[in-house]
Amino acid sequence: MTSVITLLTDYGLEDGYVAMCHGVIAGIAPGIRIIDVCHLVPSGDVRRGAAILAQTVPYLPAGVHVAVIDPGPGGSRRAVAVEAGDHVFLGPDNGVLSWAVHAAGGARAAHELVRPEFFLDRVSPTFQGRDVFAPVAAHLATGRAPAELGPAIPPDRLFAFPAPASLLREGAVEGEVLSVDRYGNVQLSISSGDLGSLGVRAGSVLAVRLGRRQIAVPFRETFAAVPPGDLVAFTDSAGLIALAVHSGDASQRLGLPPGAHVRLAPAP
């Protein structure tokens with residue numbers, strides 16, 4: 001039994017979708033604490049949802065974590081429960097859970113959600129967050145076991161995004177755009193330790209290669225260390241390198257969508 005359920009979706013805040021999920025949970029597990037991780041994930045952006053959940057879960061209490069970012073609701077993908085560490089993750093088997101499961105220590109068990117007695121009486125094929133995942137989360141919070149939800153799935157058969165990676169070679173580090181936040185800050189898969197191994201410290205200047213372009217970007221402790229409108233690189237709260245524009249949008253200025261290749265090196 002747990003006292004916390006968390007919710008991460010792309011439902012937005014303009015409609016009643018999030019409130020419906022809250023209401024379903026409250027009807028089955030009165031008094032349960034619900035933490036809203038985020039409901040403003042760009043529509044259908046599974047990788048962004050996966051990154052947010054993975055970077056948030058180390059700060060969340062043990063509990064049941066629902067993540068519903070699903071570009072194809074009602075399709076053939078499975079609804080799953082994945083046990084990892086002290087957590088149970090619920091969501092579509094499309095990769096949205098994969099990085100968080102890894103961050104929690106890796107999956108020790110997984111089950112497909114097929115038992116209708118744990119769902120609402122009427123299940124909409126386009127709103128499984130309300131009709132499947134929310135009631136299942138509430139039942140788990142009141143003490144039901146994940147094994148009761150449906151058949152076991154070998155954890156290695158779950159869909160997983162490749163782990164964000166960086167590569168050190170020839171005096172530089174290569175990585176990719178992991179995510180872009182609502183401010184336009186560009187988070188890379190490159191850690192501060194990667195730059196440290198190249199001798200880069202706050203106050204240095206980076207040579208940032210973006211495809212055929214190369215630009216010089218100051219590496220500082222915070223984006224506020226440069227004048228408004230200037231580009232800057234810094235270590236974000238997840239320990240990863242981010243590119244930002246003070247009071248601006250780095251993603252738009254640099255044309256860097258998630259997945260874009262980036263190479264960093266000390267400026268000559």
Side-chain angles (χ1 to χ4, degrees), residues 1-9 11 17-39 49-50 53-54 56-70 73-160:
M1 184 171 181
T2 182
S3 59
V4 171
I5 292 173
T6 74
L7 299 175
L8 181 145
T9 75
Y11 294 161
Y17 304 133
V18 174
M20 293 179 202
C21 294
H22 276 250
V24 168
I25 292 169
I28 297 169
I32 197 73
R33 184 182 180 194
I34 301 174
I35 298 175
D36 291 295
V37 175
C38 181
H39 298 294
L53 187 60
T56 304
V57 76
Y59 304 95
L60 296 173
V64 179
H65 308 292
V66 178
V68 189
I69 315 292
D70 194 5
S76 60
R77 94 291 177 269
R78 299 175 291 193
V80 297
V82 184
E83 298 175 76
D86 295 327
H87 308 286
V88 179
F89 297 91
L90 300 177
D93 185 21
N94 63 2
V96 69
L97 306 177
S98 58
W99 290 342
V101 167
H102 177 76
R108 67 174 187 275
H111 293 83
E112 186 174 3
L113 310 185
V114 298
R115 298 278 299 278
E117 59 266 38
F118 295 112
F119 308 160
L120 293 191
D121 290 339
R122 295 183 180 181
V123 175
S124 166
T126 60
F127 199 177
Q128 292 194 342
R130 177 194 65 192
D131 300 343
V132 174
F133 296 115
V136 166
H139 285 297
L140 290 174
T142 58
R144 305 308 291 260
E148 299 179 62
L149 303 173
I153 303 169
D156 62 0
R157 299 296 298 273
L158 295 167
F159 182 84

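Source: prediction; values computed, not measured. Heavy atoms only: backbone and side chains are in, while hydrogens, waters and symmetry mates are out.
Closest approach of P135 to L120, counting heavy atoms only: CG-N, 3.9 Å. Residues V57 and A100 share a closest heavy-atom pair of CG1-O, 4.1 Å. The shortest heavy-atom contact between L97 and G91 is CD1-N, 3.7 Å. Shortest non-hydrogen contact noted between I153 and H111 is CD1-C, 3.8 Å. Of all heavy-atom pairs between P58 and A54, the closest is CD-O, 3.2 Å. The two residues A67 and L53 have their closest heavy-atom pair at CB-CD2, 3.9 Å.
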Yes or no on side chain to side chain contact (heavy atoms under 4.5 Å, CB included) for F119 and L113, after CA distance, side-chain angles and deciding distance? CA-CA 9 Å; F119 308 160; L113 310 185; 4.3 Å; yes

Go through the steps for F89 and S98 under the test side chain to side chain contact (heavy atoms under 4.5 Å, CB included), then give the verdict. CA-CA 9 Å; F89 297 91; S98 58; over 6 Å; no

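Counting non-hydrogen atoms of other residues, nucleotides and ligands closer than 6.0 Å to NE2 of H39 gives a total above 12. Open room surrounds CG on D121; 12 or fewer heavy atoms of other groups in view lie less than 6.0 Å from it.
The backbone N or O of V24 sits nowhere less than 3.5 Å from a side-chain atom of R130 that would complete a donor-acceptor pair. Panel note: side chain R108, backbone G85; a donor-acceptor pair is recorded below 3.5 Å. In this structure, D93 contributes its side chain and V80 its backbone to no donor-acceptor pair below 3.5 Å. Of the possible donor and acceptor atoms, none in the side chain of D86 sits under 3.5 Å from a partner among the backbone N and O of P61.
Atoms CD1 and CG, from I32 and L140 in turn, are 10.5 Å apart once rounded to the nearest 0.5 Å. Taking OG1 of T9 as the start and CD1 of I69 as the end, the distance is 6.0 Å to the nearest 0.5 Å. Here CG of L90 is found 10.0 Å from CG of L7. Values are rounded to the nearest 0.5 Å. Rounding to the nearest 0.5 angstrom, the gap separating the CD atom in E112 from the CG atom in L158 is 10.5 Å. With values rounded to the nearest 0.5 angstrom, M20 atom CE is found 5.5 Å from F127 atom CZ. T126 contributes atom OG1, which lies 8.5 Å from atom CG of D131 (distance to the nearest 0.5 angstrom).
Under the 30°/60° scheme for interplanar angles, the aromatic rings of H87 and H65 are found to be tilted. Below 30°, between 30° and 60°, or above 60°: for F118 and H139 the angle between ring planes is above 60°, a perpendicular geometry.
In this structure, the side chains of P92 and F159 stay at 4.5 Å or more apart for every pair of heavy atoms.
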